[in-house]
Chemist: 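The structure is given below, and queries will be raised subsequently.
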Protein chains: 2
Amino acid sequence: MANSAEKYDVFQAIADPTRREVLRILTGKELPISKITSHFTMSRTAIAKHLHILSEAKLVSGRKVGREKLYQLQPEPLEELKQWLSFYEQFWNNKLSILKHVVESDGGSRIHVIKTEVEK
Amino acid sequence: MANSAEKYDVFQAIADPTRREVLRILTGKELPISKITSHFTMSRTAIAKHLHILSEAKLVSGRKVGREKLYQLQPEPLEELKQWLSFYEQFWNNKLSILKHVVESDGGSRIHVIKTEVEK
DNA sequence: ACAATATGAAACCATTTGGTTGTATATATT
DNA sequence: AATATATACAACCAAATGGTTTCATATTGT
């Protein structure tokens, strides 16, 4: 199923509720397929396929340890999603509210933002 | 195709590249189906279906004006996506990367960020 | 060595998806 | 009134998706 042509991107990978649930389950822990499967009613094979898709999208990585394959969350590709989102944020938010959030949630520093026009 | 049972959620709606492109085209403007279609090689019917899906996910709204149906971006449901994302942010997060997007996605201005430490 | 466990992989299947074409209907335009 | 335009809707289709079952293989544990 996993073709080298990277058939699945992040957008497709997270479109499926089962796969989102798998990601949630993997937050923090590194788990073998069987343990992940135990959270669902569907078969191990089905979950393995979902893991392949998530793996293609680089949202998880698997390492084989003994007879188990341990899967781990790899959240970096979500950055792409975040960037995509940020483009639309200005339409329901105000761009500066993003900055506001950063400032407010920043524990140990103060952030100053100066916006200046740039000539054509 | 469009069942009242809301078959499509935001995650599924944005999974398709054509639909993401439609959203991008609709940023700012309100456009009739035919105008939207002119950006693609596929048929108007195909685009109409995509618009139905986007409509189910409440990412666009359409109003009929004369013989045209004008569609408009409705970005609010993307908030759900943002919230979903925020849960995973802590796992790769470098807070300043948020600022980086703001800077990079800003067309006509330059943003300077000065971060200074604050005494405990 | 043998049985149990964990995964991999192939074959198969029903449904969904993403597209098409064809026809009908409503609204402008001349 | 007749024609052109814009959309709606139904039927159809191939390919993708999300699942299953079955069998093979590698690794433990006794």
Side-chain angles (χ1 to χ4, degrees), chain A residues 1-26 29-73, chain B residues 1-26 29-57 59-72:
Chain A
M1 200 177 196
N3 204 331
S4 61
E6 257 151 30
K7 222 167 113 189
Y8 288 91
D9 63 13
V10 180
F11 292 93
Q12 282 174 274
I14 67 160
D16 185 272
T18 301
R19 287 195 289 270
R20 288 200 300 277
E21 183 67 6
V22 167
L23 292 181
R24 205 190 54 82
I25 289 168
L26 286 178
K29 320 161 216 174
E30 189 182 36
L31 292 174
I33 302 184
S34 51
K35 279 279 167 57
I36 299 170
T37 303
S38 70
H39 289 79
F40 299 90
T41 56
M42 70 185 77
S43 73
R44 175 192 53 80
T45 314
I47 297 297
K49 282 188 186 179
H50 283 303
L51 284 166
H52 271 108
I53 291 171
L54 289 170
S55 190
E56 264 190 70
K58 312 252 200 266
L59 282 166
V60 303
S61 66
R63 58 187 255 261
K64 205 156 184 187
V65 173
R67 64 185 159 184
E68 295 186 321
K69 181 133 183 205
L70 301 181
Y71 276 95
Q72 205 174 356
L73 182 66
Chain B
M1 200 179 195
N3 203 332
S4 62
E6 259 151 30
K7 223 168 109 191
Y8 288 91
D9 62 14
V10 180
F11 292 93
Q12 282 172 273
I14 67 160
D16 185 89
T18 302
R19 287 195 290 270
R20 289 199 299 278
E21 184 67 6
V22 168
L23 292 181
R24 202 190 56 80
I25 290 167
L26 285 178
K29 322 160 215 172
E30 187 182 36
L31 293 174
I33 303 185
S34 50
K35 279 280 168 58
I36 299 171
T37 302
S38 70
H39 289 80
F40 299 90
T41 57
M42 70 185 79
S43 72
R44 177 191 52 79
T45 313
I47 297 297
K49 282 189 186 178
H50 283 302
L51 284 166
H52 271 107
I53 291 171
L54 288 169
S55 189
E56 265 189 68
L59 282 167
V60 302
S61 66
R63 57 188 254 262
K64 206 157 183 186
V65 172
R67 62 184 160 183
E68 295 186 321
K69 181 131 185 210
L70 302 180
Y71 277 95
Q72 206 175 356

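Labels below follow one simple rule: chain letters A, B, ... track the order of the sequence lines, proteins then strands, and each chain is numbered from 1. Treat the numbers as computed from the prediction; the structure is a model and nothing was measured.
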Chemist: Determine whether a donor-acceptor pair (one donor, one acceptor, N or O, separation below 3.5 Å) exists between the side chain of B:Lys64 and the base of C:dT27.
Modeler: no
Chemist: Reckon A:His50 has a side-chain N or O less than 4.0 Å from the OP1 or OP2 of D:dT17?
Modeler: no
Chemist: Which atoms of nucleotides 1-6 of chain D (N or O only) lie under 3.5 Å from a protein N or O atom, and what are those distances?
Modeler:
unit_1 : atom_1 : unit_2  : atom_2 : d
D:dT5  : O4'    : B:Arg67 : NH1    : 3.3
D:dT5  : O2     : B:Arg67 : NH1    : 3.2

Chemist: Within a strict 4.5 Å, meaning less than it, do heavy atoms of the A:Tyr71 and A:Ile47 side chains meet?
Modeler: no
Chemist: Between P on D:dT17 and OH on B:Tyr8, what's the gap in Å once rounded to a whole number?
Modeler: 13 Å
Chemist: Any side-chain heavy-atom pair from B:Leu26 and B:Leu54 closer than 4.5 angstrom?
Modeler: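 Of all side-chain heavy-atom pairs linking B:Leu54 with B:Leu26, none is under 4.5 Å.
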Chemist: Take the protein atom CG of B:Leu70 and the nucleotide atom C1' of C:dT27, then report the distance between them rounded to whole Å.
Modeler: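 These atoms are roughly 14 Å apart.
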Chemist: Which nucleotide sits closest to the side chain of A:Asp16: D:dG18, C:dT20, D:dT21?
Modeler: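 Nearest to the side-chain atoms of A:Asp16, counting from C-beta on, is D:dG18.
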Chemist: With a 4.5 Å heavy-atom cut-off, do B:Thr18 and B:Met42 have their side chains touching?
Modeler: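 A side-chain contact under 4.5 Å exists here.
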Chemist: Report yes if at least one side-chain N or O of B:Thr45 is closer than 4.0 Å to OP1 or OP2 of C:dT20; otherwise report no.
Modeler: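 For C:dT20, OP1/OP2 do not have a side-chain N/O of B:Thr45 under 4.0 Å.
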Chemist: Can you check the A:Ile53 CD1 to D:dT17 P distance for me, whole Å?
Modeler: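 From A:Ile53 CD1 to D:dT17 P: 7 Å.
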Chemist: Can you check the B:Phe40 CZ to C:dG18 C1' distance for me, whole Å?
Modeler: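 Checked: the CZ to C1' distance equals 13 Å.
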Chemist: Using the side-chain heavy atoms of A:Ser43, tell me which of these nucleotides is nearest: D:dT21, C:dG19, C:dG18.
Modeler: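 Output: D:dT21.
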Chemist: Considering residues at least two apart in sequence or located in another chain, which fulfil the side chain to side chain donor-acceptor pair (under 3.5 Å) criterion with A:Lys58?
Modeler: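 With neighbours one apart ignored, the set is A:Glu6.
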Chemist: Less than 4.0 angstrom between a side-chain N/O of B:Lys7 and OP1 or OP2 of C:dT17, yes or no?
Modeler: yes
Chemist: Measure the distance from CZ on B:Phe11 to P on C:dT16 and round it to the nearest whole Å.
Modeler: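 Distance check: B:Phe11 CZ to C:dT16 P gives 21 Å.
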Chemist: How long is the line joining CE of B:Met42 and C1' of C:dT21, in whole Å?
Modeler: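 So the CE-C1' distance, B:Met42 to C:dT21, works out to 16 Å.
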Chemist: Which residues pass the side chain to side chain donor-acceptor pair (under 3.5 Å) test with A:Gln72, sequence neighbours left out?
Modeler: none
Chemist: Is the shortest side-chain N/O distance from A:Gln12 to OP1 or OP2 of D:dT17 below 4.0 Å?
Modeler: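 Indeed, a polar side-chain atom of A:Gln12 lies that close.
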Chemist: Figure out the CZ/P separation between B:Arg63 and C:dT27, and round it to whole Å.
Modeler: 15 Å
Chemist: Given atom CG of A:Leu51 and atom C1' of C:dA6, what is their separation to the nearest angstrom?
Modeler: 13 Å
Chemist: Which pairs pass salt bridge (Lys or Arg N to Asp or Glu O under 4.0 Å) with one or both residues in residues 14-25 of chain B, sequence neighbours excluded?
Modeler: A:Asp9-B:Arg20, B:Glu21-B:Arg24
Chemist: With side chain to side chain donor-acceptor pair (under 3.5 Å) as the rule and sequence neighbours excluded, what pairs involving residues 31-43 of chain A come up?
Modeler: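 Qualifying pairs, neighbours excluded: none.
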